[in-house]
J.: 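A single structure is presented below for examination.
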Amino acid sequence: MTAWRADLLSDTLTQPTPAMRAAMGAAVVGDDVFGEDPTVRRLEEQVASRLGHEAGLFTPTGSMANQLALRLHVRPGEEMLCDALAHVVRAELGAAAVFSGISSRTWSAPRGLLDPADPLALVQTGVGPYQVCTALVVVENTHNFGGGTVQPLWAIRQVRAATRGLGVAMHLDGARLWNAHVATGVGLAEMGSHFDTVSVCLSKGLGAPVGSVLVGSQAAIDEARVWRKRYGGGMRQVGILAAAGLYALDKHVDRLAEDHARARRAAVAFAEACPASVEPAMVETNIVMLATGATGWTAAEFVAASGQQGVRAYAAAPGAVRLVWHLDVDDAATAYAIDVLTALLRERPR
Ligand SMILES: Cc1ncc(COP(=O)(O)O)c(C=O)c1O
């Protein structure tokens, strides 16, 4: 395994801290398929109440939480709408179609940001036997490939108001909703309550080794619990993992501000080295998307060159490099990454 001096590949890489491991070791557990794991119950209740929903369901992954939500809201042959870079259509390997017979239509959104006109131009209900009916709009907040952008609440409210009367549901992929909450100070319930269901991840910025929670009405979560078991996601003494999530909710939410500050500090340095590579004011949370087009590097070349000096990054597109700050990237690693990456940005190979 390479010992990276700054590993900015993803916020999923974090190692559980010693205190988190101790909390996991001390967890009281039971068989969760029989509803007998008190630690899982506590996690589900806590996340649901923080997000302003009735009930929650612990899932192994964010993808499963999303796919359970899609399954609940969309019948086979109906469609969901989302932006073209949303995780549900870009990175869940066609699961909506494979498992639930769902078709998808997308809009393109600069920086992933929701413009109500985009989904509302696509929504079609009651279109009879010839066309596909829309059953769901999915919003991602923060938006991963948009560069960690925070969705405007006014836009969410507007889509909700327009779709509610049509019987179109809304699901929030809130894998990094914690980051949006910390960056804006807007309450989690305020951001989550406009949606029928919300999925949140414990294994990204919060630093738990595994786990997500899907929240919604009691009826929706009861149904999702059945589908989770059917998908093979019924877990037994899994309080040992839920304990990591509970620990993270207690200790690792507010500290996300440190990740945001480091990402912004790096973006300022990158913009000084190459102004066209990034606009620091647009870095709202823990993700920096570097546009390599103006630097003379392709994203793949840039990532290879930075990797040779111990800074791991991700080529998100031919002209875009993604850098993600997290629990295991401290000030020293950030300073090192800034040195290496600004030198590359100044180098301009062609
Ligand atoms: C926005 C978003 N949603 C969902 C997921 C899925 O999470 P998991 O990897 O736990 O399936 C990810 C993973 O990176 C993500 O970035």
Side-chain angles (χ1 to χ4, degrees), residues 7-14 16 43 47 51 56-71 80 82-96 98-99 104 106 109 111-114 136-151 156 170-181 183 191-192 195 197-215 224 227-228 231-233 235 238 241-242 244-245 248 256 259 263 284-289 312-317 320 322-327:
D7 198 342
L8 303 173
L9 186 71
S10 172
D11 49 8
T12 57
L13 299 167
T14 52
L43 174 70
V47 174
L51 291 167
L57 181 71
F58 188 44
T59 61
T61 64
S63 299
M64 189 188 279
N66 281 339
Q67 291 303 322
L68 289 172
L70 305 190
R71 155 69 64 177
M80 66 161 183
C82 62
D83 80 271
L85 291 180
H87 194 276
V88 283
V89 286
R90 176 183 59 72
E92 294 179 17
L93 306 183
V98 172
F99 295 138
S104 308
T106 58
R111 300 176 58 233
L113 288 173
L114 178 65
L136 178 70
V137 175
V138 180
V139 176
E140 186 173 308
N141 194 16
T142 65
H143 199 291
N144 180 350
F145 269 37
T149 45
V150 178
Q151 298 295 355
I156 291 168
M170 285 183 73
H171 171 67
L172 173 61
D173 177 352
R176 296 181 181 79
L177 195 66
W178 319 105
N179 296 82
H181 162 60
M191 291 191 291
F195 295 86
T197 47
V198 182
S199 59
V200 287
C201 288
L202 305 162
S203 60
K204 312 272 178 320
L206 295 196
V210 66
S212 287
V213 181
L214 177 69
V215 305
W227 279 102
R228 184 188 66 174
Y231 285 170
M235 301 174 286
V238 75
L241 298 179
L256 292 171
D259 299 340
E284 297 175 78
T285 59
N286 64 327
I287 299 178
V288 175
M289 240 352 145
R312 187 153 68 145
Y314 179 65
R322 190 190 66 175
L323 307 163
V324 187
W325 268 260
H326 52 77
L327 193 56

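Ligands are counted one by one from 1 in listed order, and the atoms in each one are counted from 1 as well.
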J.: With sequence neighbours left out, write down each residue that passes ring-ring contact (aromatic ring centres under 6.0 Å, His included) with Phe145, or none if nothing qualifies.
T.: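 ring-ring contact (aromatic ring centres under 6.0 Å, His included) check on Phe145 returns nothing, list empty.
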J.: Thr149 vs His143, test: side chain to side chain donor-acceptor pair (under 3.5 Å). Steps then yes/no.
T.: CA-CA 5 Å; Thr149 45; His143 199 291; 5.1 Å; no
J.: Assess whether atom CZ of Phe99 is packed by more than 12 heavy atoms of other residues, nucleotides or ligands within 6.0 Å.
T.: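 Not more than 12 within 6.0 Å, no.
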J.: Please examine the side chains of Arg176 and Asp11, heavy atoms only from C-beta on, and report whether any two atoms are closer than 4.5 Å.
T.: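 Contact flag for Asp11/Arg176 side chains = yes.
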J.: Report yes if some heavy atom in the side chain of Asn141 is under 4.5 Å from a heavy atom in the side chain of Leu172; otherwise report no.
T.: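 Yes - at least one pair of side-chain heavy atoms lies under 4.5 Å apart.
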J.: Identify all N/O pairs between ligand 1 and the protein with a separation under 3.5 Å and present them as a table of atom names and distances.
T.:
unit_1, atom_1, unit_2, atom_2, d
ligand 1, 3 (N), Asp173, OD1, 3.1
ligand 1, 3 (N), Asp173, OD2, 2.7
ligand 1, 7 (O), Lys204, NZ, 3.0
ligand 1, 10 (O), Gly62, N, 2.8
ligand 1, 10 (O), Lys204, NZ, 3.4
ligand 1, 11 (O), Gly62, N, 3.4
ligand 1, 11 (O), Ser63, N, 2.9
ligand 1, 11 (O), Ser63, OG, 2.6
ligand 1, 16 (O), Asn144, ND2, 3.0
ligand 1, 16 (O), Arg176, NH1, 2.8

J.: Go through the steps to decide whether Cys82 and His87 satisfy the test side-chain contact (heavy atoms from CB on, under 4.5 Å), and finish with yes or no.
T.: CA-CA 9 Å; Cys82 62; His87 194 276; over 6 Å; no
